[in-house]
Amino acid sequence: YHGNEAGSGKIEGEITFINNDLHVVTVKEGLLKSVNIILYDGLMVMRNGNFAITSDLKVGDKITGDFIGGRLYMVTASGAQ
C-alpha cells in the first residue's frame, strides 16, 4: 500500500504474511480487510520497545504503521520474542 502523496494516516492490525523478496507485509486490519504494505529502505521499526529492522518483523506481530505523504515511515510492533 502506498497511499496518496497528499495524505497521512495510520494502519493497525496483525501481520498475516511476509514476502521478504518483495519487501511487502500483509496486515489484517479488522475482520475482513487485509492491506499489503511496502517496507521501504530506511523504515523506522520499533519492536517490543526496541529499535529493530524490517527483517525482525514476524507473522502474528500486532503493528501500528504511520504514514506521511502516503508513505509508511514508522512501524511499531509487538509480538513473541
Side-chain angles (χ1 to χ4, degrees):
Y1 176 74
H2 191 271
N4 80 39
E5 294 300 322
S8 63
K10 186 174 290 226
I11 185 170
E12 295 178 332
E14 179 180 334
I15 296 176
T16 58
F17 181 76
I18 298 174
N19 184 324
N20 289 319
D21 294 333
L22 295 177
H23 305 284
V24 172
V25 297
T26 301
V27 175
K28 183 173 177 151
E29 184 183 45
L31 293 176
L32 299 174
K33 187 168 131 187
S34 291
V35 178
N36 291 324
I37 300 174
I38 299 169
L39 303 176
Y40 291 100
D41 288 337
L43 175 67
M44 184 186 307
V45 177
M46 296 290 293
R47 186 166 189 275
N48 295 329
N50 298 305
F51 285 105
I53 57 177
T54 56
S55 63
D56 293 330
L57 297 173
K58 308 284 186 232
V59 170
D61 282 356
K62 306 286 188 216
I63 71 160
T64 300
D66 296 301
F67 292 86
I68 289 183
R71 186 173 178 152
L72 188 67
Y73 77 92
M74 181 172 180
V75 170
T76 305
S78 62
Q81 299 284 345

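Basis for what follows: all heavy atoms, side chains included, without hydrogens, waters or symmetry-related copies.
Rounded to the nearest 0.5 angstrom, Ile37 CD1 and Leu57 CG are separated by 10.0 Å. The distance from atom CG of Leu72 to atom CD1 of Ile63, rounded to the nearest 0.5 Å, is 7.5 Å.
Ala77 approaches Asp61 most closely through the heavy-atom pair CB-OD2, 4.2 Å. Here the closest non-hydrogen pair linking Gly79 and Arg47 is C-NH2, 3.9 Å. For the residue pair Asn48 and Ser78, the shortest heavy atom distance occurs at OD1-CA, 3.2 Å.
Within a 6.0 Å sphere centred on CE of Met44, heavy atoms belonging to other residues, nucleotides or ligands number 12 at most.
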Inset, instruction - Give the C-alpha distance, both sets of side-chain angles, the deciding distance and a yes or no for side-chain contact (heavy atoms from CB on, under 4.5 Å) between Asp56 and Val45. - result: CA-CA 9 Å; Asp56 293 330; Val45 177; 5.8 Å; no
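You'll find the side chain of Thr54 stays beyond 4.5 Å of the side chain of His23, heavy atoms only.
The hydrophobic cluster containing Ile53 does not contain Ile38, counting ILVMFWY residues as joined when their side-chain heavy atoms lie under 4.5 angstrom apart, directly or transitively.
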For residues 11-19, tabulate all N or O donor-acceptor pairs below 3.5 Å that involve a side-chain atom, not counting sequence neighbours.
unit_1 : atom_1 : unit_2 : atom_2 : d
Glu14  : OE1    : Lys62  : NZ     : 2.8
Thr16  : OG1    : Thr26  : O      : 3.4
Asn19  : OD1    : Asp21  : N      : 3.0
Asn19  : OD1    : Leu22  : N      : 2.9

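Residues passing the side chain to side chain donor-acceptor pair (under 3.5 Å) test with Asp66, sequence neighbours excluded: Lys10.
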